[in-house]
Amino acid sequence: QVQPVESGGGLVQAGGSLRLSCTPSGRTFRDYGMGWFRQPPGKEREFVAAVSRWDDTTFYADSVKGRFAISRGNAKNTVYLQMNNLKPDDTAVYYCAATTRDFRAVAEVDYDYWGQGTQVTVSS
């Protein structure tokens, strides 16, 4: 079992950048596919980005393509979400999640382990 722990959230002005990090408590992330989701105020949680379990293929929501990038650190023990050109609509609690599934995992039900979330607020 692995427990993701997010960090790096905060307050940033529109057009700015933030990098979120996700590290494991317990087992390494090496054998897991990883994803980032977010929950804007008053809305449902939604998919943001994912990196596949074995070949590091990446997937993105249309709303963040070209602005956000998901990557793994050395030894695949950290997952990052680089967020550039942030917009007020990006304001949300961001969650890191881990999956043992081998296919393209872009839905909440695909993920087995979740972090507690980190707040990102983008001011206009």
Side-chain angles (χ1 to χ4, degrees):
Q1 186 168 342
V2 65
Q3 177 61 52
V5 180
E6 306 94 340
S7 62
L11 174 64
V12 63
Q13 288 189 331
S17 298
L18 277 177
R19 188 175 79 160
L20 304 184
S21 300
C22 180
T23 54
S25 175
R27 295 183 61 181
T28 175
F29 285 156
R30 182 184 301 273
D31 296 330
Y32 292 86
M34 300 299 300
W36 287 96
F37 289 74
R38 68 185 181 186
Q39 187 166 17
K43 297 184 179 180
E44 299 289 317
R45 190 154 56 183
E46 62 186 20
F47 170 74
V48 176
V51 57
S52 64
R53 186 178 180 188
W54 300 121
D55 65 2
D56 290 347
T57 301
T58 56
F59 309 97
Y60 296 96
D62 288 343
S63 59
V64 306
K65 277 181 184 176
R67 300 189 298 123
F68 290 14
I70 187 171
S71 62
R72 294 183 186 266
N74 291 338
K76 293 191 173 184
N77 216 30
T78 305
V79 177
Y80 301 103
L81 184 69
Q82 177 67 43
M83 306 186 293
N84 299 324
N85 190 22
L86 282 159
K87 305 175 181 180
D89 284 349
D90 295 318
T91 294
V93 177
Y94 283 72
Y95 296 89
C96 178
T99 180
T100 56
R101 289 153 178 82
D102 293 328
F103 53 77
R104 180 175 176 266
V106 298
E108 285 190 63
V109 296
D110 296 332
Y111 288 82
D112 306 294
Y113 307 104
W114 291 83
Q116 293 299 307
T118 185
Q119 177 70 46
V120 171
T121 303
V122 184
S123 63
S124 57

Holding to salt bridge (charged side-chain N to carboxylate O under 4.0 Å, His left out), I want the full list of residues that pass it with [X], two or more places apart in sequence or in another chain.
X      : result
Asp102 : Arg53
Lys87  : none
Arg67  : Asp90

Option passing salt bridge (charged side-chain N to carboxylate O under 4.0 Å, His left out) with Arg38 (candidates Glu108, Glu44, Glu46):
Glu46
How close do [X] and [Y] get, counting heavy atoms only, and between which atoms?
X      : Y      : answer
Pro4   : Ala98  : CG-N, 4.4 Å
Asn77  : Thr28  : OD1-OG1, 2.6 Å
Ser17  : Gln82  : CB-NE2, 4.0 Å
Val2   : Phe29  : CG2-CE2, 3.5 Å
Asp112 : Thr100 : OD2-N, 3.0 Å
Gly8   : Leu18  : O-CD2, 3.9 Å

Gap between atom [atom2] of [Y] and atom [atom1] of [X] - 0.5 Å precision:
X     : Y      : atom1 : atom2 : value
Arg27 : Tyr32  : CZ    : OH    : 4.0 Å
Leu11 : Gln119 : CG    : CD    : 9.5 Å
Thr91 : Gln39  : OG1   : CD    : 13.5 Å

Co-membership, hydrophobic cluster, residues [X] and [Y], 4.5 Å side-chain:
X      : Y     : answer
Trp36  : Val12 : yes
Leu86  : Tyr80 : no
Leu20  : Val5  : no
Val106 : Leu81 : no
Tyr111 : Met34 : no

Taking Glu6 for the side chain and Gln116 for the main chain, is one N or O donor matched with an acceptor at less than 3.5 Å?
yes
So, does Gln13 use its side chain to make a donor-acceptor pair with the main chain of Ser123 at under 3.5 Å?
no
Ring of Tyr95, cation from Arg45 - is the NZ or CZ under 6.0 Å from the centre and inside 45° of the axis?
yes
Is the shortest side-chain N to carboxylate O distance from Arg104 to Asp110 below 4.0 Å?
no
Remaining members of Phe103's ILVMFWY cluster at a side-chain heavy-atom cut-off under 4.5 Å?
none
Summary of ring-ring contact (aromatic ring centres under 6.0 Å, His included) pairs that have at least one residue in residues 43-66, sequence neighbours excluded:
Phe37-Phe47
Taking only residues two or more places apart in sequence or in another chain, which ones pass side-chain contact (heavy atoms from CB on, under 4.5 Å) with Asp55?
Ser52, Thr57
